[in-house]
Amino acid sequence: MDKETLRKIYLARRKALSPQEVSWAGFQALSRLEKLPIWDKSCYHIFLSIQKLNELHTQPIIDRLFALGRQVVIPRSNFSKLSMESCIWTRDEPLQLNAYEIHEPLGDKTVDPFSIDVIFVPLLVFDKEGYRVGYGKGFYDRFLTLCRADVLKIGLSLFDPLDQITDIHSADVSLNVAISPKEVHIFDTALAEEISESVPTQNDYH
């Protein structure tokens with residue numbers, strides 16, 4: 001199916017999930033992520049969950065990053081330019097709601113996208129090639145082109161992967177990893193090899 005059809009289907013499916021299911025999915029995602037060799041980096045970009053959209057809760061992952069002393073940056077969007085920047089965020093820094101009811105930092109300290117090592121990417125659903133369906137504005141696809149080629153792109157999904165998204169085009173950026181309710185999906189060959197060497201049992205991996 002094409003992105004627009006999938007967007008309608010999965011927005012409705014996500015809306016139907018209970019708050020408990022969405023919250024629990026965040027802890028499940030962290031549990032699976034902890035098995036990956038991704039926690040020794042310096043700078044992590046992660047989105048703050050939009051509760052009214054029933055997005056997977058990222059707070060457990062954020063808490064883990066703060067506990068490790070990592071630099072956490074969160075997005076601030078410019079809807080007139082359809083662009084975003086990464087703002088440094090500390091645990092005690094206040095947030096504000098923008099016009100779209102998205103929490104954003106008040107501070108003005110930003111980082112160069114080239115300095116980011118890991119990006120946790122929001123999505124509605126993804127396919128078995130690592131491509132994703134987002135909200136249709138292209139914020140992340142444009143932002144990812146500003147980052148290093150080796151930045152680790154991790155999608156967080158409340159649903160299992162599709163076989164194929166039919167209207168992928170040249171501007172779409174594929175994920176390296178996606179976390180689904182049942183398993184970890186690795187699309188990056190080098191990372192898959194690293195995991196196979198460091199983790200003896202791979203039951204959660206695909």
Side-chain angles (χ1 to χ4, degrees), residues 3-4 6-8 10-12 14-15 17 22 25-26 29 41-63 65-66 70-126 130-149 151-159 165 167-179:
K3 294 176 192 172
E4 189 56 36
L6 290 167
R7 191 170 290 119
K8 293 176 182 177
Y10 280 90
L11 278 170
R14 197 169 68 180
K15 185 178 180 180
L17 295 173
V22 175
K41 313 301 182 185
S42 297
C43 183
Y44 295 75
H45 173 113
I46 188 164
F47 62 97
L48 299 178
S49 306
I50 307 172
Q51 292 187 2
K52 73 170 187 176
L53 296 180
N54 249 10
E55 288 186 333
L56 182 148
H57 287 199
T58 55
Q59 194 60 49
I61 301 169
I62 293 170
D63 289 342
L65 292 170
F66 280 140
R70 305 299 182 235
Q71 184 177 67
V72 174
V73 298
I74 57 177
R76 180 162 54 207
S77 301
N78 183 323
F79 282 85
S80 63
K81 296 181 179 180
L82 296 181
S83 64
M84 67 183 192
E85 57 187 355
S86 289
C87 302
I88 298 172
W89 188 46
T90 58
R91 190 188 295 271
D92 57 351
E93 183 178 350
L95 299 167
Q96 64 180 350
L97 279 175
N98 68 14
Y100 297 87
E101 297 186 48
I102 300 171
H103 281 100
E104 293 182 334
L106 287 168
D108 58 0
K109 293 181 179 178
T110 62
V111 301
D112 186 325
F114 235 62
S115 69
I116 299 170
D117 301 301
V118 179
I119 299 179
F120 293 96
V121 184
L123 53 87
L124 287 166
V125 69
F126 67 102
Y131 290 101
R132 55 184 276 277
V133 176
Y135 295 121
K137 299 296 186 183
F139 280 99
Y140 271 86
D141 285 322
R142 279 186 288 274
F143 181 74
L144 290 169
T145 64
L146 305 176
C147 300
R148 300 195 315 267
V151 68
L152 187 60
K153 302 171 289 293
I154 302 177
L156 301 175
S157 179
L158 287 162
F159 304 104
I165 299 166
D167 56 343
I168 295 301
H169 54 76
S170 59
D172 291 320
V173 179
S174 62
L175 303 165
N176 302 107
V177 178
I179 308 297

The residue among Ile62, Leu65, Val118, Asp117 that forms side chain to side chain contact (heavy atoms under 4.5 Å, CB included) with Arg70 is Leu65
Between side-chain atoms of residues 104-113 and protein atoms elsewhere (two or more places apart, or another chain), which donor-acceptor pairs fall under 3.5 Å?
{"from": "Glu104", "atom 1": "OE2", "to": "Ser77", "atom 2": "N", "distance (Å)": "2.9"}
{"from": "Glu104", "atom 1": "OE2", "to": "Asn98", "atom 2": "ND2", "distance (Å)": "3.1"}
{"from": "Asp112", "atom 1": "OD1", "to": "Phe114", "atom 2": "N", "distance (Å)": "2.8"}

So CE of Met84 and OH of Tyr140: to nearest 0.5 Å the spacing works out to 4.0 Å
- Check whether any side-chain heavy atom of Val121 sits under 4.5 Å from a side-chain heavy atom of Val173, and report yes or no. no
Between the CD1 atom in Ile88 and the CD atom in Gln71, the distance rounded to the nearest 0.5 Å is 4.5 Å
Only one of Ile154, Leu144, Ile119, Leu123 passes side chain to side chain contact (heavy atoms under 4.5 Å, CB included) with Leu175, and that residue is Leu123
dist Leu11:CG -> Tyr135:OH (nearest 0.5 Å) comes out at 7.0 Å
*Arg7 side chain vs Val133 backbone, donor-acceptor pair below 3.5 Å*: no
Nearest heavy-atom approach of Asp172 to Ile168 is OD2-CA, 3.3 Å
- Heavy-atom distance under 4.5 Å between the side chains of Leu56 and Ile179, does that happen here? no
Output for pair (Glu55 CD, Leu124 CG), nearest 0.5 Å, gives 8.0 Å
So salt bridge (Lys or Arg N to Asp or Glu O under 4.0 Å) across residues 77-91, not counting sequence neighbours, yields Asp63-Arg91, Arg76-Glu85
pair Lys153-Val151: side-chain heavy atoms closer than 4.5 Å: yes
Tightest non-hydrogen contact, residues Cys43 and Ser115, listed as CB-O, 3.5 Å
Side-chain contact, heavy-atom cut-off 4.5 Å: Lys3 with His169?
yes
- Query: Okay, side chain of Ser174, backbone of Gly130: is any donor-acceptor separation there less than 3.5 Å?
  - Reply: no
Checklist line | Side chains of Leu158 and Asn54 in contact at under 4.5 Å (non-hydrogen atoms) | finding: no
So do the side chains of Leu95 and Trp89 get within less than 4.5 Å of each other, counting heavy atoms only? yes
Nearest heavy-atom contact between Pro60 and His57 is CD-O, 3.6 Å
Hits for ring-ring contact (aromatic ring centres under 6.0 Å, His included) against Phe126, two or more places apart or cross-chain, chain-then-number order -> His185
- Is any side-chain heavy atom of Ile50 closer than 4.5 Å to a side-chain heavy atom of Glu101? no
message = Side chains of Phe139 and Leu82, heavy atoms from C-beta outward: is any pair under 4.5 Å?
response = yes
OH of Tyr131 to CG of Asp141, rounded to nearest 0.5 Å, is 10.0 Å
_Please check this pair: side chain of Ser49 against backbone of Gln51, looking for a donor-acceptor N/O pair closer than 3.5 Å._
no
NZ (Lys41) and CD1 (Ile116) are apart, to the nearest 0.5 Å, by 14.5 Å
| said: Can you tell me how the ring of Phe120 sits relative to the ring of Tyr44, calling it parallel under 30°, perpendicular over 60° and tilted otherwise? | reply: parallel
Between Arg142 (side chain only) and Lys137 (backbone N and O only), is there a donor and an acceptor less than 3.5 Å apart? yes
